[in-house]
Amino acid sequence: CSIDASRSAQVIDEHLSNATVLAIGPGFGAGAPQQQVVMRLVAREGAPLVIDADALNSLAEVERFDLDFRAKAILTPHPGEYARLAARLGIEADPVDPGRRIDAATALSRRLGAIVLLKGANTIVTDGLRSWAASIVNPALATAGSGDVLTGIVASFAAQFHRSGMLDLFDCARLAVQAHGAAAGAWSERHGSAGLLAHELCDLLPEAIERMRRR
């Protein structure tokens, strides 16, 4: 997509003071304007920032982007996106090996001072000090748009629960992973392990969250 970086910066500045949380990345596209917008956001403090997809890849194109990273952020990379970020920062870690995924996520979290949600089987969430691995392995989640749905859930929970002081961002991310997995689990109980569509995952979220509340 085509983005006017200077105009985007003006619009962002106009609305940032009223934002509870920001999410950036899905469907964002690639290019120098996207990099400028992303770097402007990560360099600012304030509302939590959820960074996914194209926004992560934009970061990975910027030399030493960590030097300007000040945002209170949650990064949600899949292993490929993680590898690009790690390579740019000189982090040698394996985001795929089950025995090394926590160390990989922790290394990036500590470098940026951000929450890292490393997607995949047994998704990892870490703030650099605390780490948690989800007990969720569902092939149905390997579908286009599943990660975008998770980004939306993370942002929604941060908006609802972090601002009120009920949960910190680490727990918001963990809760989002659990809700995302529960919705996929409900779909798989009815349809099996393949064929899930992103909008079906969204449709099942209220039911999944209600189940979690009851437990």
Worked check of side-chain contact (heavy atoms from CB on, under 4.5 Å) between Leu16 and Leu22: CA-CA 9 Å; Leu16 204 57; Leu22 301 173; 3.2 Å; yes
Trace of the salt bridge (Lys or Arg N to Asp or Glu O under 4.0 Å) decision for Arg190 with Glu207: CA-CA 14 Å; Arg190 301 165 192 175; Glu207 174 187 326; 2.6 Å; yes
Residue pair Val125, Val116: steps toward the side-chain contact (heavy atoms from CB on, under 4.5 Å) verdict: CA-CA 6 Å; Val125 178; Val116 172; over 6 Å; no
Chi angles and distances behind the side-chain contact (heavy atoms from CB on, under 4.5 Å) call for Phe170, Leu129: CA-CA 10 Å; Phe170 175 75; Leu129 297 174; over 6 Å; no
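In this structure, OG1 in Thr76 is found 6.5 Å from CG in Leu117, a value given to the nearest 0.5 Å. The structure places CG of Leu75 at 4.5 Å from CD1 of Ile51, a figure rounded to the nearest 0.5 Å. Residue Asp127 holds its CG atom at 10.5 Å from CD1 of Ile74, rounded to the nearest 0.5 Å. For the atom pair Asp54 CG and Leu59 CG, the distance stands at 11.5 Å (nearest 0.5 Å). In this structure, CD in Gln178 is found 7.5 Å from OG in Ser135, a value given to the nearest 0.5 Å. Atoms CG and CG, on Leu85 and Leu112 in that order, are 7.5 Å from each other to the nearest 0.5 Å.
The one candidate from Thr106, Asp168, Asp171 that meets the side chain to side chain donor-acceptor pair (under 3.5 Å) condition with Arg130 is Asp168.
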Below 3.5 Å, can you tabulate the donor-acceptor pairs from side chains in residues 148-156 to any protein atom, sequence neighbours excluded?
residue, atom, partner, partner atom, Å
Thr151, OG1, Asp52, OD2, 2.7
Thr151, OG1, Gly147, O, 3.2
Ser156, OG, Gln160, NE2, 2.8

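Under the 4.5 Å side-chain contact rule for hydrophobic residues, Ile3 and Val62 share a cluster. Transitive grouping of hydrophobic side chains (ILVMFWY, heavy atoms separated by less than 4.5 Å) brings Val177 and Met212 into a common cluster. At a threshold of 4.5 Å between side-chain heavy atoms, the hydrophobic network of Ile, Leu, Val, Met, Phe, Trp and Tyr places Met166 and Leu175 in one connected group. Ile115 and Val50 end up in the same hydrophobic cluster when Ile, Leu, Val, Met, Phe, Trp and Tyr side chains are linked at under 4.5 Å.
With sequence neighbours excluded, no residue forms a side-chain hydrogen bond (donor to acceptor under 3.5 Å, both in side chains) with Asn122. When the side-chain hydrogen bond (donor to acceptor under 3.5 Å, both in side chains) test is applied to Arg7, the partners found at least two apart in sequence or on another chain are Gln10. Residues meeting the side chain to side chain contact (heavy atoms under 4.5 Å, CB included) test with Ala86, sequence neighbours left out: Tyr82, Ile91. By the side chain to side chain contact (heavy atoms under 4.5 Å, CB included) test, Ala183 pairs with Leu201, Leu204, Leu205, Ala208, sequence neighbours left out. With sequence neighbours left out, the side-chain hydrogen bond (donor to acceptor under 3.5 Å, both in side chains) criterion links Arg84 to Asn57. For Asp94, there are no side-chain hydrogen bond (donor to acceptor under 3.5 Å, both in side chains) partners at least two apart in sequence or on another chain.
Side chain of Gln34 to main chain of Ala55: no donor-acceptor pair is present (N/O by atom type, distance under 3.5 Å, no hydrogens or angles). Judged purely by atom type and a 3.5 angstrom limit, Ser8 uses its side chain to pair as donor or acceptor with the backbone of Asp4. Side-chain N or O atoms of Thr143 include one that pairs as donor or acceptor with a backbone N or O of Leu196 at under 3.5 Å. A donor-acceptor pair under 3.5 Å is formed between the side chain of Thr123 and the backbone N or O of Gly120. A donor-acceptor pair is defined here as one N or O able to donate and one able to accept, closer than 3.5 Å; no such pair exists between the side chain of Ser109 and the backbone of Ala105.
The side-chain heavy atoms of His162 and Val21, taken from C-beta on, include no pair separated by under 4.5 Å. Ile12 is not listed as a side-chain neighbour of His15, based on a closest heavy-atom distance of 4.5 Å or more. The shortest side-chain heavy-atom distance between Val42 and Leu49 falls under the 4.5 Å cut-off. Under the 4.5 Å side-chain criterion, counting only non-hydrogen atoms from C-beta, Glu81 is not in contact with Pro95.
Environment of CD in Glu92: sparse, with no more than 12 heavy atoms of neighbouring residues, nucleotides or ligands closer than 6.0 Å.
Within the structure, side-chain hydrogen bond (donor to acceptor under 3.5 Å, both in side chains) contacts touching residues 35-51 (residues at least two apart or in different chains) are Asp13-Arg40, Asp13-Arg44. Under the ring-ring contact (aromatic ring centres under 6.0 Å, His included) criterion, the residue pairs touching residues 172-215 are Trp187-His191, with sequence neighbours excluded. Here ring-ring contact (aromatic ring centres under 6.0 Å, His included) pairs that include residues 101-159, with residues two or more places apart or in two chains, are Phe157-Phe161. Evaluation of the side-chain hydrogen bond (donor to acceptor under 3.5 Å, both in side chains) test over residues 64-73, restricted to residues two or more places apart or in two chains, returns Arg64-Asp66. The ring-ring contact (aromatic ring centres under 6.0 Å, His included) contacts involving residues 62-81 comprise nothing, where partners must be two or more places apart or lie in separate chains.
The shortest non-hydrogen separation linking Ala73 to Ala114 is O-CB, 3.5 Å. Heavy atoms only, all atoms of each residue included: Cys172 and Ala158 are closest at SG-CA, 3.9 Å. The shortest non-hydrogen separation linking Ser188 to Ala140 is OG-CB, 3.6 Å.
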